2 protein chains.
Amino acid sequence: MNMDLALPALAALAHPTRLEAFRLLVRHEPEGLSTGKLVEASGLSQSTFSTHLAVLAKAGLVRSEKDGRQIIQRAHIDTLRDLMLFLAKDCCQGRAELCEPLLAELACC
Amino acid sequence: MNMDLALPALAALAHPTRLEAFRLLVRHEPEGLSTGKLVEASGLSQSTFSTHLAVLAKAGLVRSEKDGRQIIQRAHIDTLRDLMLFLAKDCCQGRAELCEPLLAELACC
DNA sequence: CTGGTCCATCGGATATTCCCGATAGAATTT
DNA sequence: AAATTCTATCGGGAATATCCGATGGACCAG
């Protein structure tokens, strides 16, 4: 992960519709959800949501897979993990104490 | 952290100038950097960068403190940590196995 | 108090994002 | 083959973001 990958990922998540959709997909791992279900959940028009989905896909946050007539969307957790590591790495670099609280709270897993 | 706090933080970081500035400030914790030094590093005009800095501040990612004629900017790591926890929480919720790789790599701290 | 430095904000031009309806392609159903 | 379902893309209008120079307030030095 570097700036060129992190920026599209951040921009993709920096929109209420896309952030909500991505979180919904994360919660539906690993089965995923069809595009239609996502459109329905968004409350937006089909075309508008399709554009949002393309932004998430281009950022590597969502992967799609054909299933007959539908397309199943799935969150690509690796990209999220890489993004978080990218953001956290600056802290760790010189000053581990900055990341300790983060690590402690993530211990919920 | 919730959507209303996460969205401005994500949007603030989703710009090359702001992301670079924030990362620079993180690396300069806990002393911080003056606004002037940040402007210089950005290569943009003073007014333009000032606007970017205001976006970071409004998102809670940067705190400022007067020091004579200058203003010292500092990264507010708590907000970054909360943002990352907000994004990670969805994974942890039902499926801890999704977060394990993230936790493992963060063990660098 | 005068001049200089540091920074935020305003005004305005350009570029980008966001939304929708309409259209079109791909796949199943009848 | 025809009709239906599912999704991506196009065209265009409205809103927002981004950039800069200019202006002004706060602060310090002389």
Side-chain angles (χ1 to χ4, degrees), chain A residues 3-25 28 31-76, chain B residues 3-25 28 31-76:
Chain A
M3 291 279 288
D4 290 342
L5 297 175
L7 280 169
L10 288 166
L13 295 176
H15 188 283
T17 297
R18 293 191 296 258
L19 180 55
E20 196 64 73
F22 179 71
R23 280 159 47 88
L24 190 58
L25 285 178
H28 280 78
E31 322 88 44
L33 282 174
S34 71
T35 306
K37 296 275 187 191
L38 289 169
V39 169
E40 193 178 350
S42 77
L44 293 177
S45 78
Q46 179 267 323
S47 66
T48 296
F49 188 82
S50 179
T51 304
H52 284 307
L53 205 47
V55 173
L56 285 167
K58 199 162 189 177
L61 288 164
V62 165
R63 296 279 163 95
S64 61
E65 183 187 348
K66 279 195 180 181
D67 178 28
R69 185 154 36 181
Q70 310 185 94
I71 297 185
I72 303 301
Q73 308 288 340
R74 292 191 48 202
H76 194 231
Chain B
M3 291 278 288
D4 290 342
L5 297 175
L7 281 170
L10 288 165
L13 295 176
H15 188 282
T17 297
R18 292 191 296 257
L19 180 56
E20 197 64 72
F22 179 72
R23 279 159 49 86
L24 191 59
L25 285 180
H28 279 78
E31 323 86 44
L33 282 174
S34 72
T35 306
K37 296 275 188 190
L38 289 169
V39 169
E40 194 178 350
S42 76
L44 293 177
S45 79
Q46 179 266 321
S47 68
T48 297
F49 187 83
S50 179
T51 304
H52 284 307
L53 204 47
V55 173
L56 285 167
K58 199 162 190 177
L61 288 164
V62 165
R63 296 279 164 96
S64 61
E65 183 187 349
K66 279 197 180 179
D67 177 28
R69 185 155 32 181
Q70 310 185 91
I71 298 185
I72 303 301
Q73 308 289 340
R74 291 192 48 203
H76 195 231

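Everything numeric in this text was worked out from a predicted model, so none of it was measured. Proteins come first, then strands; the chains are lettered A, B, ... in the order of their sequence lines, and each starts at number 1.
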Quick one: pull up [atom1] in [X] and [atom2] in [Y] and give me the separation to the nearest 0.5 Å.
X: H28(B); Y: I72(B); atom1: NE2; atom2: CD1; value: 11.5 Å
X: I71(B); Y: L38(B); atom1: CD1; atom2: CG; value: 11.5 Å
X: L44(A); Y: S50(A); atom1: CG; atom2: OG; value: 12.0 Å

Mind listing the side-chain donor-acceptor pairs of residues 57-70 of chain B below 3.5 Å, one per line with the distance, residues two or more places apart or on another chain?
none

Exercise. Would L25(B) and L33(B) count as a side-chain contact (heavy atoms from CB on, under 4.5 Å) if you check the C-alpha gap in whole Å, the side-chain angles of each, and the deciding distance to 0.1 Å?
Worked result: CA-CA 7 Å; L25(B) 285 180; L33(B) 282 174; 3.9 Å; yes
Exercise. Listed by chain and number, what are the side-chain hydrogen bond (donor to acceptor under 3.5 Å, both in side chains) partners of S47(B), not counting sequence neighbours?
Worked result: S45(B)
For this session: Taking side-chain hydrogen bond (donor to acceptor under 3.5 Å, both in side chains) as the test, write out the residues that go with S34(B), two or more places apart.
Result: none
Could you state the atom-to-atom distance from [atom1] of [X] to [atom2] of [N] in whole Å?
X: E40(B); N: dC7(C); atom1: CD; atom2: C1'; value: 15 Å
X: H15(A); N: dT16(C); atom1: NE2; atom2: C1'; value: 13 Å
X: I71(B); N: dT5(C); atom1: CD1; atom2: P; value: 17 Å

Seminar exercise, completed: Note: chain B reaches DNA chain D at heavy-atom distances under 4.0 Å over the stretch, first to last nt, 5' to 3', of dT18(D) to dC28(D)
Validation: residues 5-24 of chain B side-chain donor-acceptor distances under 3.5 Å, sequence neighbours left out:
| residue | atom | partner | partner atom | Å |
| --- | --- | --- | --- | --- |
| H15(B) | ND1 | T17(B) | N | 3.1 |
| R18(B) | NE | A12(B) | O | 2.7 |
| R18(B) | NH1 | H52(B) | ND1 | 3.1 |
| R18(B) | NH2 | A11(B) | O | 3.1 |
| R23(B) | NH1 | D90(A) | OD2 | 2.9 |

Exercise. Which of residues 45-63 of chain B sit near DNA chain D, with a heavy atom under 4.0 Å from it?
Worked result: S45(B), S47(B), T48(B), H52(B)
Restricting to nitrogen or oxygen on both sides, can you table the protein-nucleotides 25-30 of chain C pairs closer than 3.5 Å?
| residue | atom | partner | partner atom | Å |
| --- | --- | --- | --- | --- |
| dA27(C) | OP1 | K66(A) | NZ | 3.3 |

Exercise. Going by heavy atoms in the side chains, are L53(A) and Q73(A) under 4.5 Å from each other?
Worked result: yes
Problem set entry | Contiguous pairing runs of three or more, Watson-Crick or G-U under 3.5 Å, that involve DNA chain C | C:1-30 with D:1-30
For this session: Let me know, please, whether A14(A) or G36(B) comes out on the 5' side of the other along DNA chain C by nearest nucleotide.
Result: G36(B)
